[in-house]
Structure formats: C-alpha cells, structure tokens
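Here the structure comes first, spelled out in structure tokens, and everything after it is commentary.
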Amino acid sequence: MTPTESLKHEHLIILMVLGAAEQEVRLSRDSGKVDAERISRMLDFFREFADACHHAKEEKHLFAMMHQRGVPEDTGPIAVMLREHDEGRRRLRAIAEALPQAADGVSPAVEAVQENLAAYIEMLQNHIDKEDNILYPYADQLLTAEDQQALSESFEKIEAEEIGEGVHEKYHQLAHALASH
C-alpha cells in the first residue's frame with residue numbers, strides 16, 4: 001500500500017465518524033439537546049485519530065517531502081490543507097469549550113456545539129475530497145519510488161513511536177461503534 005493509499009484508507013474511517021456526527025447534529029437540532037458523552041467520544045476520535053495521527057503524517061512527512069520536491073508551503077495546495085487543518089482544530093476547541101454547558105442544556109452552548117460541529121463536518125468532508133482527488137494524485141506523480149518508501153517508513157514510525165501500539169486499532173473500533181449507533 002502506498003502512503004497516499006494508506007491516508008485514503010484513514011479518510012474512510014474519518015468519513016464514517018463524520019457521518020455519525022452529521023446524524024448527531026440532526027438529532028441535536030431536533031431535540032435542542034446534545035449527547036455530550038457521544039460528542040465527547042467523537043472529539044476524542046477527531047483529535048487523536050484525525051489530527052494527531054492522520055494530519056501529523058501529512059504535515060510532518062507528506063507535505064514536507066512535497067515541499068522538498070519544489071511545492072511551496074505558503075501558497076497553493078499545501079497552504080490550503082494546512083489552513084484547513086488549523087480551522088478544524090479551532091472548531092474542535094470551540095466544541096470542547098461549549099460542551100460542558102451544552103450538556104447542562106444551556107441554549108447558546110448547545111447552539112455553539114451544533115454550529116461548530118456542522119461546520120467541522122462540512123469543512124473536513126470537502127478537505128478529504130480535495131486531498132483524495134487533487135493533492136494525493138499530485139503527490140503520487142511528484143514523488144519518486146524512494147520518496148514513497150521513505151514516507152511509508154515514516155508513517156510506520158509515527159504509528160509505533162508517537163501514536164503507540166494498538167491505538168490505531170482502538171480508534172478504528174471507536175469509529176465503527178460511533179457509526180453503528
């Protein structure tokens with residue numbers, strides 16, 4: 001499996017949880033309440049799997065290697081992806097900050113959770129589409145076989161050393177549990 005195929009596979013897992021989050025936003029808007037425990041589990045998934053694992057692979061390794069091959073970081077596709085990663089982090093922080101009051105039924109906090117979660121979902125779905133259909137094919141054309149091998153090794157190292165043994169699988173299980181609810 002190439003590095004971009006690995007990243008696309010992770011996108012499928014992330015999209016499963018985004019689908020569950022869409023359902024959660026709909027339920028919350030219908031009821032005027034939030035399921036704080038469920039949203040908290042989603043936040044954990046998005047922060048740890050989508051950001052600390054997936055985005056770290058992109059930012060620290062894929063984008064860096066593309067930059068080494070001449071792709072600018074401050075303009076163009078990499079700059080757009082980095083801005084969107086930051087936007088996602090900002091939305092997740094806003095959800096986490098509002099969630100305790102939202103759990104208590106405080107209306108402005110409930111609305112803040114709904115608004116930020118809906119915006120996060122839309123942004124990340126569009127982001128994934130751009131990566132899968134524009135950025136990753138571009139990277140596959142740009143990078144040599146040696147680059148691809150080095151990226152694969154870097155991704156494995158992140159999984160083993162930074163994320164930890166079994167953590168990836170834990171988040172796959174969480175994604176399936178959230179999606180089947």
Side-chain angles (χ1 to χ4, degrees), residues 3-29 34-64 66 71 73 75-99 102 109-140 151 155 158-159 162-163 167-181:
T4 55
E5 288 170 340
S6 174
L7 293 169
K8 283 182 180 181
H9 178 71
E10 290 176 357
H11 280 167
L12 295 176
I13 303 302
I14 294 166
L15 287 167
M16 285 174 53
V17 180
L18 289 173
E22 281 181 313
Q23 178 184 12
E24 201 58 41
V25 169
R26 279 192 303 276
L27 291 171
S28 178
R29 285 181 173 154
V34 298
D35 184 337
E37 188 275 330
R38 186 164 163 76
I39 292 173
S40 180
R41 292 171 66 208
M42 290 177 183
L43 279 174
D44 177 48
F45 174 88
F46 291 132
R47 286 177 160 169
E48 297 303 321
F49 185 83
D51 195 37
C53 177
H54 180 80
H55 292 161
K57 290 176 184 175
E58 293 173 336
E59 292 176 3
K60 293 178 182 178
H61 300 286
L62 177 65
F63 298 169
M66 290 176 72
V71 180
E73 289 180 314
T75 62
I78 294 176
V80 171
M81 297 301 106
L82 290 171
R83 274 196 307 275
E84 290 177 357
H85 288 180
D86 287 342
E87 169 69 10
R89 291 175 186 120
R90 189 181 71 70
R91 293 288 183 179
L92 293 176
R93 275 192 306 275
I95 295 164
E97 289 169 7
L99 196 55
V110 170
E111 291 169 11
V113 169
Q114 293 167 346
E115 175 189 318
N116 282 289
L117 188 54
Y120 179 79
I121 294 162
E122 182 179 2
M123 184 279 301
L124 198 53
Q125 287 171 333
N126 290 331
H127 177 85
I128 287 170
D129 184 60
K130 286 182 265 191
E131 286 183 339
D132 283 354
N133 296 304
I134 299 167
L135 187 73
Y136 294 168
Y138 178 48
D140 287 338
L151 273 180
F155 287 4
I158 284 180
E159 291 284 341
E162 294 180 33
I163 306 303
V167 174
H168 204 265
E169 291 74 21
K170 169 189 153 186
Y171 283 104
H172 276 239
Q173 291 173 354
L174 177 57
H176 286 280
L178 290 167
S180 67
H181 178 349

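With hydrogens and angles ignored, the 3.5 Å screen pairs no side-chain donor or acceptor of E22 with any backbone N or O of I121. Side chain of N126 to main chain of E122: a donor-acceptor pair is present (N/O by atom type, distance under 3.5 Å, no hydrogens or angles).
Within the 4.5 Å cutoff, side-chain heavy atoms of I128 are placed close to those of L15.
For the atom pair CG of L7 and NE2 of H55, the computed distance is 9.5 Å after rounding to the nearest 0.5 Å. Atoms CD and CG, on E97 and L99 in that order, are 11.0 Å from each other to the nearest 0.5 Å. Rounded to the nearest 0.5 Å, atoms CG (N116) and CD1 (I95) are 5.5 Å apart. With values rounded to the nearest 0.5 angstrom, M42 atom CE is found 9.5 Å from L18 atom CG. Here the CD-CG distance, from Q23 to L178, works out to 10.5 Å after rounding to the nearest 0.5 Å. Here E73 contributes atom CD and I78 contributes atom CD1; the two are 6.0 Å apart, rounded to the nearest 0.5 Å.
Under the salt bridge (charged side-chain N to carboxylate O under 4.0 Å, His left out) criterion, the residue pairs touching residues 80-96 are D51-R89, E59-R89, E84-K130, D86-R89, E87-R90, E87-R91, with sequence neighbours excluded.
Nearest heavy-atom pair across R41 and A177 is NH2-CB, 3.9 Å. Nearest heavy-atom pair across A139 and L62 is CB-CD1, 4.0 Å. In plain terms, the two heavy atoms of V25 and A118 that are nearest each other are CG2-N, 4.1 Å. Contact record, A102 with V113: CB-CG2, 3.8 Å, taken as the closest heavy-atom pair. Counting all heavy atoms, side chain and backbone alike, F45 lies closest to A175 at CE1-CB, 3.9 Å. Pairing each heavy atom of L135 with each of P77, the nearest pair is CD1-CB, 3.8 Å.
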Between E48 and K170, is the salt bridge (Lys or Arg N to Asp or Glu O under 4.0 Å) condition met? List the steps. CA-CA 11 Å; E48 297 303 321; K170 169 189 153 186; over 6 Å; no
Check against side chain to side chain contact (heavy atoms under 4.5 Å, CB included), F155 and E10: CA-CA 12 Å; F155 287 4; E10 290 176 357; over 6 Å; no
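Taking the six-membered ring for Trp and thresholds of 30 and 60 degrees, F49 and Y171 have ring planes inclined between 30 and 60 degrees apart. Note: Y136 and H11 have parallel aromatic rings, judged against thresholds of 30 and 60 degrees for the angle between ring planes.
Each of R29, Q114, R38 was checked for a side chain to side chain contact (heavy atoms under 4.5 Å, CB included) with E24, and the lone residue meeting it is R38.
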